[in-house]
S.K.: 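Dropping the structure in here first, questions after.
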Protein chains: 4
Amino acid sequence: MTLTETEAPRPLGRPRDPRLDEAITTATLELLAEGGYGALTIEAVATRAGVGKATLYRRWTGKEQLVVDAVRTLSEPPEPGRQADVRDEIVGLLEALRRKSTSSLAGRIFPRLIGEGADNPELMRRYREQVLEPRRDRFRATLRRGIDQGLIRPDADLDHVMDLLVGPMAYRTLIRTDPPPGPDLAARIVDDVLVALAPRPETAPRPAPQEDA
Amino acid sequence: MTLTETEAPRPLGRPRDPRLDEAITTATLELLAEGGYGALTIEAVATRAGVGKATLYRRWTGKEQLVVDAVRTLSEPPEPGRQADVRDEIVGLLEALRRKSTSSLAGRIFPRLIGEGADNPELMRRYREQVLEPRRDRFRATLRRGIDQGLIRPDADLDHVMDLLVGPMAYRTLIRTDPPPGPDLAARIVDDVLVALAPRPETAPRPAPQEDA
Amino acid sequence: MTLTETEAPRPLGRPRDPRLDEAITTATLELLAEGGYGALTIEAVATRAGVGKATLYRRWTGKEQLVVDAVRTLSEPPEPGRQADVRDEIVGLLEALRRKSTSSLAGRIFPRLIGEGADNPELMRRYREQVLEPRRDRFRATLRRGIDQGLIRPDADLDHVMDLLVGPMAYRTLIRTDPPPGPDLAARIVDDVLVALAPRPETAPRPAPQEDA
Amino acid sequence: MTLTETEAPRPLGRPRDPRLDEAITTATLELLAEGGYGALTIEAVATRAGVGKATLYRRWTGKEQLVVDAVRTLSEPPEPGRQADVRDEIVGLLEALRRKSTSSLAGRIFPRLIGEGADNPELMRRYREQVLEPRRDRFRATLRRGIDQGLIRPDADLDHVMDLLVGPMAYRTLIRTDPPPGPDLAARIVDDVLVALAPRPETAPRPAPQEDA
DNA sequence: GAATAACCGAGACGGTACGTCTAGTCTTGTG
DNA sequence: CACAAGACTAGACGTACCGTCTCGGTTATTC
């Protein structure tokens, strides 16, 4: 049974040189590191990569797409190491986010993507799928272990939980950047939020607002 | 006692036409609304405002400053109405943020500012001082009332509390924009977070993580 | 005695497809006719001929050579028909030149060759040898008949005579193109010039310039 | 009676710097002299003239117009000196044409203009009006003196006469460039052609072609 | 009321990057 | 080897903005 399946139709002509992808991506990241987004021009990337501009436009439609791809290769391993203690693992994930955002190149590029994304839904979609979602999957698995261990209510909406945990950290690294968030922030966020998420059947989740009316 | 004090030195020459500030700001906002940040060029602003480019550069040093100022005039009233119930008032403040971010012009401009700000600390500083801080002051006053009413622990770090409340909302409107946050999000955040902030002397703030070791 | 002589060394591999020469030449002429020299790009020729660019460069070194060859095939028959009257035959040759220059594709291409030739002696040489000289040979034969018939002085420099006859026509079709030369121009040139070339032993060819000295 | 007339409306804004016209023209001619038409790129002209590309495009619509203007300034004085003898003066004019065409920069540029002109009537028109016609006016005046002195028939069509004289020289400098025309060519052309143009009431202008029938 | 000084609209200026196009070469698989 | 397809480097094209400068001309204050 020789199922031919889809079988890539093998395009005609000279195939694209796969090494150029890397040369271009590297040049992109170098330029970003050296001069920020403002110094990232297509012409500079092409020159630094030793590549014609046409080669660049053949593979990416513009600067933003190029940056997304470059950043993706940069941010592959979101693995903070598996911890025995789920709470510590969550802290580790948040702390990894802080370190990445405050120190590295990614910390300069990420806000740009947010900015571009506001007028460019396609860019945002690609970023979400290729960068954000893989990380969220990783995070979600950890939270599931938290449920198994009785740390988190079994009926909790894990997406919402992630919003509560990641949101404050993102806010402090992107928007309220001054004073810069310290290394204890992750633990503070986790401890505060986990209180609310703890399985506590005997406590009313909402402390009677009518006392104020 | 007529203290002359600093007394503006009264500059020589023809004074600046104050109406032009408004014309320029209006043109800026219109262009942003029509074509996004990419369509916002100094030349287009000048043409639309019926003004020479020099007049623009006489008053602002560049595009970013112009945008910050324009946005500031746009976002003056952060007043969601004073509520009797503090909890409802906090929900109102967060919901106002969501509505602003998801619907209006500001929702397109704000991410751009974040992006520009990453490489432009001066821009970020101005934005923080002129837009962010006034809103935080407003929010902080509300939280103080929450302490007075016994809703929030008296020793809570209010800046941190704001991070916990605003962070998730910002995260959902800026970064994890899909699916878009709904009108119930503000209440969910507030209810979850306030549990953790409630004055609860008899409860350990951290629910014994050793059960997992 | 089978003398092997030069005996083409019979190249290895697949032989060149002779039909492609024609396909390329045809495509070249079509493009010239449609959009002029500016529309004649190597890529367009290759596409139209259904041929790879390499095939083109394998046979011609560049655009100019290609055009020369294409024009040559176009302008093969310079035969205006043999006339009994030599004077009429000369008129016919000049008139053929006028018609060719003012009406056809060649009239657009020929000036280009002149232009390219100024910086490209090799091109000019090929053009001269392959297009010009054959026509001059034809013309020269007619003039020889003119000498035989007593129309032209036997000691006349026929190359110079051709310059005197062809020059004015070329000038009117290439340079002083406005107003465009009419069908009577050939006869006017021939009649005027032949006066000077007539065998007239009793007349001094040069009307005594010493009267002015 | 204050006739307002047309009165140039005095354009708004900063006036164009007239020195740049010259800088650009000079750069154009230098580049043409150094590398021929192929080396003449708009970018090179702008760089050499120390000028932005926009400045160039503000004043000329393209490369051809720029070249025409540059050539015009180059070829202003077509004055070979007024000779007592009209015949010598005509020889001088033709010889000046030969020298210009075979030696100088103009000799490289002129053929290019012919080439471009074939597909670019507007360019040809400008060239004719700004370069050619002034020279022809000069030539025509000389021919009129020739009529006055009895050298040329009073009823001669002077435009046609110029074609007969200039045509052969142009042909030898532009098209049949090999062998290159020598310094005696002008005299040969003039002497031959003037025979045909001489006032000769007693001679039939056409030497009986019926002898050949 | 004349001088002075800064304002104003218009638009030229040197630069820089854009995205497209073509030239001429190189690299695939196929014949 | 030839061939079609098309990737590749190089670099010019003409356009768009940037931020500055230079005009003629307009308000204000100061002498």
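So you know, we letter chains A, B, ... as the sequences are listed, proteins then strands, and number each from 1.
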S.K.: Calculate the interatomic distance between D:Trp60 atom CH2 and F:dC13 atom P; express it in whole Å.
M.R.: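 Interatomic distance, CH2 of D:Trp60 to P of F:dC13: 15 Å.
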S.K.: Both C:Ala54 and B:Ala54 contact DNA chain E. Taking the nearest nucleotide for each, which residue is further toward the 5' end?
M.R.: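 The residue closer to the strand's 5' end, by nearest nucleotide, is B:Ala54.
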S.K.: Taking the minimum atom-to-atom distance to the side chain of D:Thr41, which one of F:dC13, E:dC8, E:dT22 wins?
M.R.: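 Side chain of D:Thr41 sits closest to F:dC13.
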S.K.: Can you check the D:Leu66 CG to F:dG14 P distance for me, whole Å?
M.R.: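 Taking CG of D:Leu66 and P of F:dG14, I get 11 Å after rounding.
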S.K.: Taking NZ from A:Lys63 and P from E:dT16, how many angstroms apart are they, rounded to a whole number?
M.R.: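 Nearest whole value for this atom pair: 15 Å.
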S.K.: Whether the side chain of A:Lys63 engages the backbone of A:Leu40 through a donor-acceptor N/O pair (distance < 3.5 Å, no angle test) should be reported.
M.R.: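 Judged by distance alone, yes, a pair lies under 3.5 Å.
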S.K.: Separation of C:Ile24 atom CD1 from F:dC3 atom C1', in whole Å?
M.R.: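 Rounded to whole Å, this separation is 11 Å.
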S.K.: For atom CD of C:Glu22, is the number of surrounding heavy atoms from other residues, nucleotides or ligands below 6.0 Å larger than 12?
M.R.: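 No, not enclosed.
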S.K.: What nucleic acid atoms does C:Gly50 come within less than 4.0 Å of, heavy atoms only: base, sugar-phosphate, or nothing?
M.R.: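 Since only primed, P, OP1 and OP2 atoms lie under 4.0 Å of C:Gly50, the category is sugar-phosphate.
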S.K.: I want to verify a distance call: between F:dC13, E:dC13, F:dA7, whose nearest atom is closest to the D:Arg16 side chain?
M.R.: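 Comparing F:dC13, E:dC13, F:dA7 against the side chain of D:Arg16, the answer is E:dC13.
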S.K.: Heavy atoms, side chains only, cut-off 4.5 Å: are D:Trp60 and D:Ile24 in contact?
M.R.: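 Answer yes - side chains close enough.
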S.K.: On DNA chain F, nearest-nucleotide positions of B:Tyr57 versus B:Pro15: which is more 5'?
M.R.: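 Looking at DNA chain F, the more 5' nearest nucleotide goes with B:Tyr57.
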S.K.: Regarding E:dG19, can its base be found pairing with the side chain of A:Lys53 as donor and acceptor, where the two atoms are less than 3.5 Å apart?
M.R.: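 Donor-acceptor pair under 3.5 Å: yes.
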S.K.: Given the structure, check if the side chain of A:Arg14 and the base of F:dA7 hold any donor-acceptor pair shorter than 3.5 Å.
M.R.: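 Flag set: donor-acceptor pair detected.
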S.K.: Testing D:Val71, D:Leu56, D:Thr61 one by one against D:Leu66 for a side-chain contact (heavy atoms from CB on, under 4.5 Å), which residue passes?
M.R.: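 For D:Leu66, the side-chain contact (heavy atoms from CB on, under 4.5 Å) check succeeds only for D:Leu56.
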S.K.: In whole Å, what is the span from the CG atom of D:Leu12 to the C1' atom of F:dG24?
M.R.: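 After rounding, the reported distance stands at 8 Å.
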S.K.: Between B:Leu20 (CG) and E:dG9 (P), how many Å, whole number?
M.R.: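 Whole-Å distance recorded here is 5 Å.
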S.K.: Starting from the 5' end of DNA chain E, give me the residue, B:Gly13 or C:Ile42, whose nearest nucleotide shows up first.
M.R.: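 It is B:Gly13 whose nearest nucleotide is closer to the 5' end.
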S.K.: Without decimals, in angstroms, what is the distance between C:Leu40 CG and E:dG24 P?
M.R.: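 The answer, rounded to whole Å, is 12 Å.
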S.K.: What does B:Arg19 touch in the nucleic acid at a heavy-atom separation under 4.0 angstrom: a base, only the sugar-phosphate, or nothing?
M.R.: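 Touches nothing.
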S.K.: Rounding to an integer number of Å, can you tell me how far C:Arg48 CZ sits from F:dA4 P?
M.R.: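 Whole-Å distance recorded here is 17 Å.
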S.K.: B:Thr55 near the nucleic acid: base, sugar-phosphate alone, or nothing, with a heavy-atom cut-off under 4.0 Å?
M.R.: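 Result for B:Thr55 = sugar-phosphate.
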S.K.: At under 4.0 Å, does any side-chain N or O of C:Arg58 touch on OP1 or OP2 of E:dG24?
M.R.: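 Checking E:dG24 against C:Arg58, no side-chain N or O comes under 4.0 Å of OP1 or OP2.
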S.K.: Would you say the side-chain atoms of D:Arg72 pair up with the backbone N or O of D:Val131, donor to acceptor, closer than 3.5 Å?
M.R.: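 No, the answer is negative, given that no donor and acceptor are paired below the 3.5 Å cut-off.
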S.K.: Map C:Glu43 and D:Glu43 onto DNA chain F by nearest heavy atom, then report which one ends up closer to the 5' terminus.
M.R.: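 Whichever sits nearer the 5' end wins; that is C:Glu43.
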